[in-house]
Every structure is written in structure tokens, then in C-alpha cells.
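Right, one structure below, let's go through it.
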Amino acid sequence: MINDERPAVIVIMGVAGSGKTTVGSLLAHRLGWQFADADGFHPKENVDKMSRGEPLTDADRAPWLEAMAAAIRNWLSEKRPVVLACSALKSTYRATLRIDSARVAFVYLHGDATTLEARLKHRVGHFMSASMLSSQLATLEEPHDALTVDVGKEPQAIVEEIVASLRLDG
């Protein structure tokens, strides 16, 4: 159940390799909330395109963003707290997802290109390759209205920083 004074949906954002899924799932578990991954909202055409190493266009992303926005509206109306792992690279993408600025919080997982590339090179079985990192970094518009957390820390320490910063305990 949601406390009306705290975020009800937390979007864990950043480029590929920043740890969105790892941190998001740990945070959801820590809070007893549902976890959702934005990758699950992509239409098959987008997944196929990314699997071929082709960056998505804004036109490709539009139905993906709208599907997540609809899910967020649903979660808020049902008072279901959710942690959503989503790149949300551009301010316009975040605006689409920010259904209610008081109830939807963004956490930006920030890391340097060298760290992110090293992480991606060790990732197996994911459609986002290390070669696409430069495209994501070029697209990224760093948020000024999000909690920014350094990805150089251990995932559990990042989770505790998020919990403390967003006052999610108690």
C-alpha cells in the first residue's frame, strides 16, 4: 500500500550497464514493492532492431513510452507501489513517464563510460551490446530533477542511499 507522502513509482534510470535492473530489483525487494523492467514493454520490432545493433529512433520509442505511461497510471490508480527500471534518457521521455510529479520519482544511476563499457562487455544474453553504449551516451540528457547516485558503489549500498534519500523507510 502506498503512503501518499512518498513516491509510489520509482523510475531507476540510466544508460545500459548502469545497473538499473540490479538496483531496481534489489530496491523493490528491500521495500516489498513490485519490480518492472522497461525492456518488457518494448514491441518485438524494437527488440529485433536492438539485437541487430541498430539504435532506436524516437518514433520507435513512442509506443514503448506510452505503454509504460499507461502502466504507471494504472499502478497509481491501484495504489500499487512499483520500481521501474527504464533508461529514460531524454527529458521528453521522462516527461511522458512523470504522470504525477509528486508520486513518480526518478533515480539516475550515473557512471563514467569506462566503467559502463566494462560492465557491458561482461554481460551475457542481453540484446543491448557494448557497441550501443556510445549511442546511449550521446542521447542521454542528464536529469536535473532526479536523485543522482554513483554506480561505483556496491548495489546494496546504492539501494540504501536511495531509501535514505527518498525517505522510504518507516
Side-chain angles (χ1 to χ4, degrees), residues 7-25 27-28 34-78 80-121 123-151 158 162 166:
V9 175
I10 299 172
V11 180
I12 305 294
M13 61 157 294
V15 298
S18 62
K20 297 179 298 293
T21 301
T22 299
V23 170
S25 60
L27 179 62
Q34 177 182 334
F35 174 74
D37 194 313
D39 289 347
F41 291 86
H42 274 297
K44 183 180 182 324
E45 298 79 23
N46 285 7
V47 174
D48 291 346
K49 191 172 185 178
M50 289 183 286
S51 295
R52 292 189 303 268
E54 299 174 32
L56 298 179
T57 65
D58 282 350
D60 295 326
R61 288 185 183 97
W64 172 68
L65 289 163
E66 286 305 321
M68 284 185 292
I72 291 170
R73 278 190 289 280
N74 186 52
W75 298 331
L76 292 173
S77 72
E78 292 179 356
R80 185 170 10 138
V82 177
V83 175
L84 172 65
C86 176
S87 55
L89 298 176
K90 289 185 178 181
S91 60
T92 56
Y93 305 165
R94 293 187 294 275
T96 299
L97 302 177
R98 195 182 314 277
I99 305 304
D100 178 339
S101 60
R103 308 310 316 275
V104 179
F106 286 80
V107 175
Y108 170 43
L109 299 181
H110 177 270
D112 63 81
T114 304
T115 300
L116 299 167
E117 187 173 348
R119 287 178 171 195
L120 287 172
K121 284 182 179 175
R123 187 155 67 173
V124 178
H126 193 275
F127 57 78
M128 180 63 75
S129 67
S131 65
M132 292 184 67
L133 177 61
S134 59
S135 169
Q136 285 208 335
L137 289 170
T139 301
L140 175 66
E141 296 170 1
E142 292 195 346
H144 302 290
D145 55 353
L147 170 64
T148 300
V149 181
D150 178 20
V151 301
I158 294 171
I162 294 167
L166 296 180

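Since this is a predicted model, take the numbers as computed values, not measurements.
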For this session: Keeping the roles fixed (side chain from Ser18, backbone from Val15), state whether a donor-acceptor pair exists under 3.5 Å.
Result: yes
Problem set entry | Beyond-backbone contact of Met68 with Val11, side-chain heavy atoms, under 4.5 angstrom | no
For this session: Output, in order, the C-alpha distance, side-chain angles, deciding distance and verdict of side-chain contact (heavy atoms from CB on, under 4.5 Å) for Lys49 and Asn46.
Result: CA-CA 5 Å; Lys49 191 172 185 178; Asn46 285 7; 5.6 Å; no
Exercise. For the atom pair CZ (Arg80) and CG (Asn74), what is the distance rounded to the nearest 0.5 Å?
Worked result: 5.5 Å
For this session: List in chain and number order the residues that pass side chain to side chain contact (heavy atoms under 4.5 Å, CB included) with Thr115, two or more places apart in sequence or in another chain; answer none if no residue qualifies.
Result: Asp112, Arg119
Exercise. Asp37 versus Lys20: any side-chain heavy-atom pair under 4.5 Å?
Worked result: no
Exercise. Once you round to the nearest 0.5 Å, how far does OG of Ser87 lie from CG of Leu56?
Worked result: 8.5 Å
For this session: Walk me through it: do Thr22 and Ile158 pass the test side-chain contact (heavy atoms from CB on, under 4.5 Å)?
Result: CA-CA 10 Å; Thr22 299; Ile158 294 171; over 6 Å; no
For this session: Specify the closest pair of heavy atoms between Val104 and Ile99, including all atoms of both residues, with the distance to one decimal.
Result: CG2-N, 4.3 Å
For this session: Can you see which heavy atom on Phe41 is nearest to which on Ala71, and at what distance?
Result: CE2-CB, 3.7 Å
Exercise. After noting the C-alpha distance and the side-chain angles of Leu116 and Gln136, does the key distance pass the side-chain contact (heavy atoms from CB on, under 4.5 Å) rule?
Worked result: CA-CA 11 Å; Leu116 299 167; Gln136 285 208 335; over 6 Å; no
Seminar exercise, completed: CG of Leu147 to CD1 of Ile162, rounded to nearest 0.5 Å, is 6.5 Å
Problem set entry | Exercise: identify the closest heavy-atom pair between Thr148 and His110 | CG2-CB, 3.9 Å
Exercise. Does any non-hydrogen side-chain atom of Leu27 lie less than 4.5 Å from one of Phe35?
Worked result: no
For this session: Kindly indicate, with the supporting measurements, whether the criterion side-chain contact (heavy atoms from CB on, under 4.5 Å) is fulfilled by Lys90 and Asp58.
Result: CA-CA 10 Å; Lys90 289 185 178 181; Asp58 282 350; 3.0 Å; yes
For this session: State, to 0.1 Å, how close Ala28 and Gln34 come at their nearest heavy-atom pair, and which atoms those are.
Result: CB-O, 3.8 Å
Seminar exercise, completed: Value for CG (Asp39) from CE (Met50), rounded to nearest 0.5 Å, stands at 6.5 Å
For this session: Can you sort out the partners of Thr57 under side chain to side chain donor-acceptor pair (under 3.5 Å), two or more places apart, ordered by chain and number?
Result: Asp60
Exercise. Rounded to the nearest 0.5 Å, how far apart are CD1 of Ile10 and CZ of Phe106?
Worked result: 11.5 Å
Exercise. Atom CD in Glu141, atom OG1 in Thr92: separation rounded to 0.5 Å?
Worked result: 6.0 Å
Exercise. Do you know which two heavy atoms are closest between Val83 and Gly24, and how far apart they sit?
Worked result: CG1-O, 3.5 Å
For this session: Measure the acute angle between the ring planes of His42 and Trp64, then classify it against the limits of 30° and 60° as parallel, tilted or perpendicular.
Result: parallel
